[in-house]
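Step one of this worksheet: look at the structure below.
Each chain gets a letter, A, B and so on, in the order its sequence line appears, and its residues count up from 1. Below, each value reflects all heavy atoms present in this structure, side chains not excepted, and no hydrogens, waters or symmetry copies.
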There are 2 protein chains.
Amino acid sequence: MAIERSTYKDHVIKHIYNGLQENRFRAGEKILESHLAKDLGISRAPIREAMADMVSAGLLEYRPQVGNFVAALSAKEIIDSYVARGVLEGFAISQGINNFSNKDLLRLEEMAHQMEQFARQDQRKALIDIGQEFHEELFRHCTNSQVVLFTKQLSLKLHLLFYKHWANVYTPEEIRDRHLEIIAMIRKKDPVKLEQLIRQHYIDTGHKIVEQEN
Amino acid sequence: MAIERSTYKDHVIKHIYNGLQENRFRAGEKILESHLAKDLGISRAPIREAMADMVSAGLLEYRPQVGNFVAALSAKEIIDSYVARGVLEGFAISQGINNFSNKDLLRLEEMAHQMEQFARQDQRKALIDIGQEFHEELFRHCTNSQVVLFTKQLSLKLHLLFYKHWANVYTPEEIRDRHLEIIAMIRKKDPVKLEQLIRQHYIDTGHKIVEQEN
DNA sequence: ACCCCACATAATGTCGACATTCGACAGTTG
DNA sequence: CAACTGTCGAATGTCGACATTATGTGGGGT
């Protein structure tokens with residue numbers, strides 16, 4: 001199976017990421033450069049670059065002179081990642097708390113209700129997509145490039161876990177209420193409590209995910 | 001000039017990092033793979049890997065099909081980075097606020113006074129070293145691997161700026177007092193105010209650095 | 001039976017060369 | 001004179017092969 005055009009590295013990254021999502025690469029497993037090279041019909045050079053990228057994104061782990069392995073997150077690492085995300089996202093959103101118009105908030109509320117519907121109908125992809133959209137909307141007013149960067153990194157990593165376990169983490173009603181709670185707190189214009197709330201939200205989610213992993 | 005042994009990538013990274021610190025590579029400048037390869041007497045492969053690493057660390061910027069450039073941080077990006085560091089470090093230290101023994105704190109206070117002395121005597125390297133030690137000590141009780149990782153990334157990047165401007169940022173007394181202030185707040189066991197204080201500390205520093213850059 | 005060591009295998013690390021693409025300059029045209 | 005276009009040099013992207021190192025295996029010794 002060959003690849004079409006432009007820089008190969010991005011294609012390789014996508015290929016591996018899809019593999020992770022579809023569980024074709026299992027946690028802890030070693031990924032051979034030569035296998036990917038043969039599968040994709042290209043040389044090892046772009047594959048090495050792609051894997052190096054994914055190592056820095058935390059999706060793979062690298063042992064010198066040995067190779068790359070699918071990152072096997074321990075329970076603590078999963079929780080740590082969710083906590084870190086809560087810290088960053090809590091700050092980001094609280095900082096822009098006054099930039100949300102009533103129209104923005106109404107739209108967010110509508111999205112929360114849509115998420116409930118999708119969850120109820122087991123439409124995983126639609127739910128994940130609108131969930132991402134929701135968070136992007138919350139982040140829209142964060143202009144701190146560094147915070148945005150870190151958060152995106154974490155998103156990429158945690159997305160895989162959430163994609164796998166979402167159905168067993170929250171009920172449709174909980175999904176709706178948890179998001180509505182955040183919106184309500186934005187309305188109250190209390191940045192400190194909002195930050196706490198968002199942190200707690202991610203702490204809870206992290207623990208729930210860990211329960212599912214075991 | 002040749003390199004000695006073990007995986008070349010790390011040597012190359014160190015070489016570039018030193019070059020940045022000594023200002024042999026100036027901001028915005030393009031770094032040619034072939035030049036480094038010739039200078040270090042090795043092939044381009046390990047150099048490409050090293051540069052890719054430094055891109056993900058934020059020290060270099062990469063434009064596909066064009067090359068790698070020394071990251072030219074805008075004023076806003078500098079401030080953003082300091083703010084982000086304040087957020088992370090504020091959280092990390094506050095979380096471990098109860099793990100500091102009185103002995104720890106006395107040691108930290110001593111370090112603050114040493115920093116004042118070194119600053120007064122223009123001993124840049126000694127000051128920077130003990131400053132790093134101070135922060136590592138504060139971080140010692142943070143077990144969140146993800147937060148630690150992000151903070152290290154930021155450290156690496158901001159270190160270069162601080163190394164360049166430290167002398168014009170704070171007076172020796174200010175350096176001492178700012179650090180003592182943090183220790184005093186740890187003593188008060190007020191995590192919320194401690195977090196605020198640390199954030200403010202980095203916000204101030206960021207602004208001072210930006211003033212120096214222009 | 002267990003441990004140690006040497007060897008074979010296979011993967012990563014590195015290399016030099018080729019293919020492709022970007023950026024600059026010169027020449028042309030309106 | 002300005003703007004566009006074609007050409008050329010140089011740097012990056014990719015390749016296949018070789019060098020080096022980790023891992024597993026089997027034989028020999030205790």
Atom-to-atom span, [atom1] of [X] to [atom2] of [N] - whole angstrom:
X: B:H11; N: C:dT14; atom1: NE2; atom2: C1'; value: 14 Å
X: A:I42; N: D:dG16; atom1: CD1; atom2: C1'; value: 14 Å
X: B:K9; N: C:dC15; atom1: NZ; atom2: P; value: 15 Å
X: B:E29; N: D:dA11; atom1: CD; atom2: P; value: 14 Å
X: A:K30; N: C:dA10; atom1: NZ; atom2: P; value: 13 Å
X: A:F69; N: C:dA11; atom1: CZ; atom2: P; value: 12 Å
X: B:L32; N: C:dG23; atom1: CG; atom2: C1'; value: 13 Å

Counting heavy atoms from C-beta on, name the nucleotide in [options] closest to the side chain of [X].
X: A:V66; options: D:dC15, D:dT23, C:dA11; answer: D:dT23
X: B:R48; options: D:dT12, C:dA11, C:dT14; answer: D:dT12
X: A:Q65; options: C:dT12, D:dC15, C:dG13; answer: C:dG13
X: B:Y8; options: C:dA11, C:dC15, D:dC15; answer: C:dC15
X: B:R44; options: D:dT23, C:dA17, C:dT12; answer: C:dA17

Does the pair [X]/[Y] count as a salt bridge with the N-to-O cut at 4.0 Å?
X: A:E89; Y: A:R85; answer: yes
X: A:K125; Y: A:D129; answer: yes
X: A:R120; Y: A:E116; answer: yes
X: A:E137; Y: A:K103; answer: no
X: B:E110; Y: B:R107; answer: no

Residue whose nearest DNA chain C nucleotide is more 5′ - B:R63 or A:Y62
A:Y62

Just checking A:I47: base, sugar-phosphate only, or nothing, at a heavy-atom cut-off of under 4.0 Å?
nothing

Check every strand shown and say whether B:E33 touches a base, only sugar-phosphate, or nothing at a heavy-atom separation below 4.0 Å.
sugar-phosphate

Is A:S43 near enough to D:dC15 that one of its side-chain N or O atoms lies under 4.0 angstrom from OP1 or OP2?
yes

When the nearest nucleotide of DNA chain D is assigned to A:A45 and to B:I31 on a heavy-atom basis, which residue is associated with the more 5' position?
B:I31

